[in-house]
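Worksheet: the structure to be examined is printed underneath.
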Amino acid sequence: MSTARVALAIAAKDLRIERRSRVMLNQVLPFSGVVMVLFAFALDKANLLSRVAPGLIWMATLFSLLVMVQRSFAVETDDRAFDALAVAGLSPTGLFLGKSLALAVQLLVLDVVLVLLAVVLYETKIHGGGRLALAAVTIVAAVSVLAGIGTLYGGLAAGSKGRDTLLPLLLLPMAAPVVIGATRSMEAAFATGGIAMREGWAWAGLLVALGVLTTVGGALGFSALIEE
Amino acid sequence: MTGSTSTRFTRVLGAATLLGTLWLFLFGLFLSPDDIIQRRGVRIMYVHVPSVWLAYLAFVVTGIASVAYLWNKTRSLVWDRIAGASAEIGILFMAVTLVTGSLWGRLSWGKYWVWDARLTSTALMFVTYVGYLAVRNLGGTHQQRAKRSALVAIFAVIEIPLVHFSVERWNTLHQEESVAKGKLQDMMLFSLFSGIVTFTLLYVWLLIHRQRVLAMQDALDDRELDRALIERRAEADAAAQPATTSAGV
Amino acid sequence: METSFVLISYALTFGGIGVLAFGLMRRARQLAQRTTPEDRPWT
């Protein structure tokens, strides 16, 4: 089976599992909603919230990412399904790309919901097609990076005792550049924090470059990890 | 001292390191002059700067050793142990760096912390070190430990400059203060330089000893594993015996 | 304040070095008693 077909098959499998179990819908989305509400309690002032909304969206995304990655690999290590896939001789690159793709799709849904929540709860506004486009590109690029590093570190920590507490420690520092870039870019899209659109697009460009780097590097790393 | 990790080379190295460390201590704390502006506070520089140097050196060595392990032609657990030993040494000096730097910052700039690129990426480097060491303790075979941690180290080496760049770009938006450097007298400069040299010797000394300790630990673990396998096999054989003897009577 | 910060810095640095060095030597001696010379190719 070619790498691309493996990737699509794995992604389809993961998304099918999600459609049947509805863990994302019933647990992760409400979780992120609660996080957004708790931010408001923690930060107290309404006009402060609209200014920091982009940062809050990405922090809520990160928290949810931890849960989603653990879920993504829990379905593999239960019944030792992961070992079975690796032994079956499937291309590790395909495995990586497939799991990343499934994770990215779910993150995409999550972030759209979070932006809508920000509009409702934090009085966020997006005026005009240009800003909307920037927000969209930012989300797609950031999500692809997060999905890549999530899959990589999820695979590393999967199936070992102590993995639950180790994953956040490994994953979050890696996500730092994404938080910096995606937040600045969204600040431009939401017109908070005084960042010009051109600066915002520059950050979005950085995220796209990171996305490419993560996909290639992640595939290489994942292959090295799986191969004996 | 028989049968430990010392050899003639390490004893010579250790002696030189000890002398250099003693000198650094004396000079830094007592013999060096006060700074015109910072007064006594400048003495922290003599331990802070060599610590930074050592922490970064250790980080780089861990990265290089990790690549050496993963590359087929040079694959050897010695590289894995060098990587691990280097990280253990590095993390201590990184902690020292962050604390001494923070104290020095309080004295020089009035703040315990600023969000400039250097401090921020150093702090994040510290956290990735912690994660790296945790991965090394996940268990499994020596080879599994080596491969997992080597990958983590390589990703960390790629990521830290990225963080540095992002924070720098972020800061030019807000014009954070940069770390101002005053002029240093010759004697101070010389002592700073000798401090860096001493700490480099110290690093090598610590690295050699720690790698050897890890080698002994690995050998012991292998021996115990073999012993356990032999015992299990003997148990299995013994369990198979009684059926034949009772039937033969 | 300066004096105490300087002293803390030096205590941490040289104390840390001392703890690391002595701990390392002690561990080396402990393990050397339990291993055979083959495990120690540097001797």
Side-chain angles (χ1 to χ4, degrees), chain B residues 1-7 9-10 14 17-18 21-22 24-25 28-29 34 38-48 50-51 54 78 85 88-89 92-93 95-97 99-104 106-107 199 202 205-206 208-220 222-224, chain C:
Chain B
M1 275 290 248
T2 49
S4 72
T5 49
S6 303
T7 53
F9 175 71
T10 65
T17 305
L18 194 58
T21 309
L22 238 64
L24 188 66
F25 183 80
L29 215 45
D34 283 353
Q38 294 180 43
R39 292 176 301 171
R40 268 178 241 145
V42 75
R43 294 174 192 286
I44 299 183
M45 177 180 69
Y46 297 113
V47 290
H48 173 74
S51 293
L54 199 158
V78 176
E88 288 170 7
I89 300 166
L92 170 75
F93 283 92
V96 168
T97 296
V99 174
T100 56
S102 177
L103 293 176
W104 195 25
R106 178 72 178 91
L107 293 178
F199 269 40
L202 175 66
W205 187 84
L206 287 169
I208 293 176
H209 281 290
R210 185 59 184 159
Q211 195 282 130
R212 290 176 180 167
V213 164
L214 289 175
M216 289 196 286
Q217 187 66 63
D218 278 357
L220 265 179
D222 286 342
R223 194 94 49 68
E224 278 171 24
Chain C
M1 185 167 77
E2 281 165 12
T3 317
S4 53
F5 278 13
V6 170
L7 289 175
I8 295 173
S9 300
Y10 275 70
L12 271 175
T13 311
F14 292 99
I17 294 174
V19 165
L20 203 55
F22 279 108
L24 207 51
M25 294 279 88
R26 200 179 58 167
R27 189 92 181 101
R29 225 159 292 163
Q30 282 173 352
L31 283 174
Q33 283 169 358
R34 295 167 58 192
T35 55
T36 70
E38 319 175 305
D39 302 332
R40 294 181 249 119
W42 51 86
T43 46

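Quick note on labels: first sequence line is chain A, next is B, and so on, each numbered from 1.
- Between B/Phe199 and C/Thr13 the shortest side-chain heavy-atom distance falls below 4.5 Å.
- Here B/Leu107 is the residue among B/Leu107, B/Thr100, B/Leu202, B/Asp218 with the most heavy-atom pairs under 4.5 Å with chain C.
- If you measure heavy-atom distances from B/Glu88 to chain C, you find no contacts under 4.5 Å at all.
- The choice from C/Leu24, C/Thr36, C/Leu7 that makes the most heavy-atom pairs within less than 4.5 Å of chain B is C/Leu24.
- For B/Phe9, no part sits under 4.5 Å from any heavy atom of chain C, backbone or side chain.
- Closest approach of C/Gly16 to B/Leu92, counting heavy atoms only: O-CD2, 3.7 Å.
- The choice from C/Val19, C/Ile17, C/Ile8 that makes the most heavy-atom pairs within less than 4.5 Å of chain B is C/Ile17.
- A distance of 10.0 Å separates CZ of B/Arg40 from OG of C/Ser4, quoted to the nearest 0.5 Å.
- Rounded to the nearest 0.5 angstrom, C/Leu12 CG and B/Thr97 OG1 are separated by 11.0 Å.
- B/His209 places none of its side-chain heavy atoms less than 4.5 Å from the side chain of C/Arg27.
- Between chain C and the options B/Ala215, B/Pro50, B/Gly28, the largest number of non-hydrogen pairs under 4.5 Å is found for B/Gly28.
- The part of B/Val99 that comes within reach of chain C is its side chain, from C-beta onward, which places non-hydrogen atoms under 4.5 angstrom from that chain.
- Counting heavy-atom pairs closer than 4.5 Å to chain C, the top-ranked of the candidates B/Ile44, B/Leu24, B/Asp222 is B/Ile44.
- The CG atom of C/Leu31 lies 14.0 Å from the CZ atom of B/Arg212; values are rounded to the nearest 0.5 Å.
- At a 4.5 Å heavy-atom cutoff, the contact between B/Leu206 and chain C is made by backbone and side-chain atoms alike.
- Looking at B/Thr21, the atoms closer than 4.5 Å to chain C (heavy atoms on both sides) sit in the backbone and in the side chain alike.
- Using a 4.5 Å heavy-atom threshold, the side chains of C/Phe5 and B/Trp104 count as separate.
- Within a 6.0 Å sphere centred on CZ of B/Arg223, other residues, nucleotides and ligands contribute more than 12 heavy atoms.
- Of the two parts of B/Ile208, neither the backbone nor the side chain holds a non-hydrogen atom closer than 4.5 Å to a non-hydrogen atom of chain C.
- If you measure heavy-atom distances from B/Glu224 to chain C, the contacts under 4.5 Å come from the side chain alone.
- For the residue pair B/Arg43 and C/Tyr10, the shortest heavy atom distance occurs at O-OH, 2.8 Å.
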